[in-house]
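First the structure, in the form of structure tokens, and then the observations on it.
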Amino acid sequence: IEDYRFTCLVFGDAGAPNNACFSVKRVAEQYEASLPKAAAAVLLNTILDDMAPSVWTVQEAIELKRQIVELFEKMDMVTHKWASSHEKVLQGISKEERARNVTLRLTEDGIEISGTQCLGVKWDTVQDQIMYSMEHADTPRKGWTPRKVLGAYLKLYDPLGHVCPFVVKARKMFQKF
């Protein structure tokens, strides 16, 4: 019997996403002393393959990006899909590295508001606002039934918990059943 061992992550394997996240966090811990901002961003602001750190100043954002790129280069990984709500930060990011814009909504005047998505949530980078939408949120013709309320609130994707206070009533309603 011969034993074989993988020496790298096998993508496509069922456990690959978990292994990749574990590996990235492990390397961040190793470089916490030399790249403290990048390590903190990876350890505290990463969900699966998205990272959404927030800083107060443009200089902090530029330094954080530099450290994150350096950290991922140590793992032979390339970062991409960068987004910022500040134009000066975006000037230091090539078009190829930027997150692609998507249409978020149309205004009453028919003007298209575009932004990007982060953690599966729409982000208007110009106004620096996170937006949530519920498809078919109009009142049903025959009124709201428990089944329709359940269907509507389960369609809402909220990984950050921002909308949680607004769906508590719907959840409490279903605790009675």
Side-chain angles (χ1 to χ4, degrees), residues 1-104 114-135 153-164 167 171:
I1 294 179
E2 289 186 56
D3 288 337
Y4 292 94
R5 184 175 174 193
F6 289 116
T7 58
C8 63
L9 290 178
V10 179
F11 288 94
D13 181 34
N18 184 48
N19 293 339
C21 290
F22 175 81
S23 299
V24 168
K25 289 185 178 194
R26 185 70 175 258
V27 171
E29 289 170 352
Q30 290 173 348
Y31 288 97
E32 204 165 7
S34 60
L35 300 167
K37 292 179 183 187
V42 168
L43 296 171
L44 302 174
N45 300 294
T46 303
I47 298 178
L48 293 178
D49 62 346
D50 281 344
M51 187 184 320
S54 180
V55 293
W56 291 105
T57 67
V58 172
Q59 291 76 22
E60 285 179 296
I62 292 169
E63 174 60 17
L64 178 60
K65 185 211 182 275
R66 185 195 67 75
Q67 284 193 21
I68 289 172
V69 168
E70 186 177 336
L71 178 67
F72 277 78
E73 283 175 349
K74 292 182 183 302
M75 296 180 273
D76 292 325
M77 297 175 80
V78 178
T79 58
H80 61 286
K81 296 183 184 177
W82 287 95
S84 176
S85 59
H86 201 284
E87 190 62 36
K88 192 171 182 181
V89 176
L90 288 174
Q91 288 173 356
I93 301 171
S94 70
K95 297 258 189 221
E96 295 79 31
E97 291 179 305
R98 292 184 191 180
R100 65 180 177 85
N101 279 350
V102 295
T103 300
L104 301 179
S114 64
T116 190
Q117 285 190 287
C118 183
L119 304 173
V121 177
K122 295 175 182 176
W123 176 30
D124 179 351
T125 54
V126 175
Q127 297 293 321
D128 200 14
Q129 296 175 346
I130 294 175
M131 299 191 298
Y132 296 89
S133 63
M134 290 182 61
E135 294 179 21
Y153 101 80
L154 289 177
K155 288 180 185 175
L156 185 63
Y157 180 67
D158 182 28
L160 303 174
H162 290 150
V163 185
C164 188
V167 297
R171 290 185 182 189

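Small disclaimer: the values here were computed from a predicted structure and weren't measured.
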With no hydrogens and no angle check, is any side-chain donor or acceptor of [X] less than 3.5 Å from a backbone partner on [Y]?
{"X": "Arg98", "Y": "Leu90", "value": "yes"}
{"X": "Glu32", "Y": "Ala39", "value": "no"}
{"X": "Glu60", "Y": "Trp56", "value": "yes"}

Work out which heavy atom in [X] is nearest to a heavy atom in [Y]; give both atom names and the distance.
{"X": "Gln67", "Y": "Leu35", "answer": "OE1-C, 3.3 Å"}
{"X": "Trp123", "Y": "Gln129", "answer": "CD1-O, 3.3 Å"}
{"X": "Thr46", "Y": "Ala41", "answer": "OG1-O, 3.5 Å"}
{"X": "Ala38", "Y": "Leu64", "answer": "N-CD1, 4.0 Å"}
{"X": "Thr116", "Y": "Ala83", "answer": "CG2-CB, 3.9 Å"}
{"X": "Ser84", "Y": "Val89", "answer": "OG-CB, 3.5 Å"}

### Task
Would you please test Val27 and Phe72 for side-chain contact (heavy atoms from CB on, under 4.5 Å) and show each step?
CA-CA 9 Å; Val27 171; Phe72 277 78; over 6 Å; no
### Query
Under a 4.0 Å N-O cut-off, is there an ion pair linking Glu29 with Lys25?
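No.
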Once you round to the nearest 0.5 Å, how far does [atom1] of [X] lie from [atom2] of [Y]?
{"X": "Ser54", "Y": "Asp128", "atom1": "OG", "atom2": "CG", "value": "7.5 Å"}
{"X": "Thr57", "Y": "His86", "atom1": "OG1", "atom2": "NE2", "value": "9.5 Å"}
{"X": "Glu70", "Y": "Lys65", "atom1": "CD", "atom2": "NZ", "value": "11.5 Å"}
{"X": "Ile68", "Y": "Glu63", "atom1": "CD1", "atom2": "CD", "value": "10.0 Å"}
{"X": "Gln117", "Y": "Ile130", "atom1": "CD", "atom2": "CD1", "value": "12.0 Å"}

Would you call [X] and [Y] a side-chain contact if the rule is heavy atoms closer than 4.5 Å?
{"X": "Pro53", "Y": "Met51", "value": "yes"}
{"X": "Met77", "Y": "Val24", "value": "yes"}
{"X": "Tyr31", "Y": "Val42", "value": "no"}

### Message
Pairing donors with acceptors under 3.5 angstrom, does anything connect the side chains of Glu87 and Gln91?
### Response
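Side chains of Glu87 and Gln91: no pair found under 3.5 Å.
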### Task
Inspect the surroundings of CZ in Arg66 and state if more than 12 heavy atoms from other residues, nucleotides or ligands are less than 6.0 Å away.
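Counting other residues, nucleotides and ligands, CZ of Arg66 exceeds 12 neighbours.
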